[in-house]
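No hydrogens, no waters, no symmetry mates; every other heavy atom, side chains included, goes into these values.
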Amino acid sequence: MAISAVLIVEDEPLIAMMLEDFLEAIGRRVAGVADSVETGLAIIARETIDAAILDVHLRGGEQSWPIADALAAAGIPFVFASGGSGDSIAERFCDRPVIGKPFSIDSVTRALDSLG
């Protein structure tokens, strides 16, 4: 499967913008940017998404697990983005790829290429 449309779930605006720039530079389209579980689920419901990059921890103590569950149920591949210290992946998702922050365009490219 060719990955062209990517959902970004990231609550830090500068990081989200950087990911948007990276995706544009590597020829991928941003399907949407969400900073909360509610927004992410709404984008999944209305957009065509080929893959997603999910920040593990979002504002207000939210975690991206409900978005990951929705993507998994729809058969849409995703990677987690982690700041490292203290970020643990829910056991049901421990087989999913993780890219560490700070990102590089190469790490994002490799992560998305590993999905399909």
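- A donor-acceptor pair is defined here as one N or O able to donate and one able to accept, closer than 3.5 Å; such a pair exists between the side chain of Asp50 and the backbone of Ser4.
- Listed by chain and number, the residues in a side-chain contact (heavy atoms from CB on, under 4.5 Å) with Glu38 are Ser36 (sequence neighbours excluded).
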**OP:** Go through the steps for Val30 and Val6 under the test side chain to side chain contact (heavy atoms under 4.5 Å, CB included), then give the verdict.
**Re:** CA-CA 5 Å; Val30 176; Val6 180; over 6 Å; no
Original post:
Checking side chain to side chain contact (heavy atoms under 4.5 Å, CB included) for the pair Ile53/Phe80: CA distance, chi angles, key distance, verdict?
Top reply: CA-CA 6 Å; Ile53 299 171; Phe80 288 108; over 6 Å; no
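- Residue pairs meeting the salt bridge (charged side-chain N to carboxylate O under 4.0 Å, His left out) criterion with at least one partner in residues 62-81, sequence neighbours excluded, are Asp69-Arg92.
- The OG atom of Ser64 sits 8.0 Å away from atom CZ of Phe93, with the distance rounded to the nearest 0.5 Å.
- Taking each heavy atom of Ala72 and Arg96 in turn, the nearest pair found is CB-NH2, 3.7 Å.
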Under 3.5 Å, which donor-acceptor pairs link side chains of residues 9-26 to any protein atom two or more places apart or in another chain?
from: Glu10; atom 1: OE1; to: Lys101; atom 2: NZ; distance (Å): 3.1
from: Glu10; atom 1: OE2; to: Glu12; atom 2: N; distance (Å): 3.0
from: Asp11; atom 1: OD2; to: Arg59; atom 2: N; distance (Å): 2.9

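- The minimum heavy-atom distance between Thr48 and Ala5, with the atom names listed, is O-CB, 3.5 Å.
- For Ile49, the side-chain contact (heavy atoms from CB on, under 4.5 Å) partners two or more places apart in sequence, or in a different chain, are Leu7, Ala31, Ile43, Ile44, Glu47, Ile76.
- One distance of note links CD of Gln63 with CG of Asp55; it measures 10.5 Å at 0.5 Å rounding.
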Quiz: residues 102-116 side-chain donor-acceptor pairs under 3.5 angstrom, not counting sequence neighbours:
from: Ser104; atom 1: OG; to: Asp106; atom 2: N; distance (Å): 3.4
from: Ser104; atom 1: OG; to: Ser107; atom 2: N; distance (Å): 3.0
from: Ser104; atom 1: OG; to: Ser107; atom 2: OG; distance (Å): 3.3
from: Ser107; atom 1: OG; to: Ser104; atom 2: N; distance (Å): 3.1
from: Ser107; atom 1: OG; to: Ser104; atom 2: O; distance (Å): 2.9
from: Thr109; atom 1: OG1; to: Ile105; atom 2: O; distance (Å): 2.8
from: Asp113; atom 1: OD1; to: Arg28; atom 2: NH2; distance (Å): 3.0
from: Ser114; atom 1: OG; to: Ala111; atom 2: O; distance (Å): 2.6

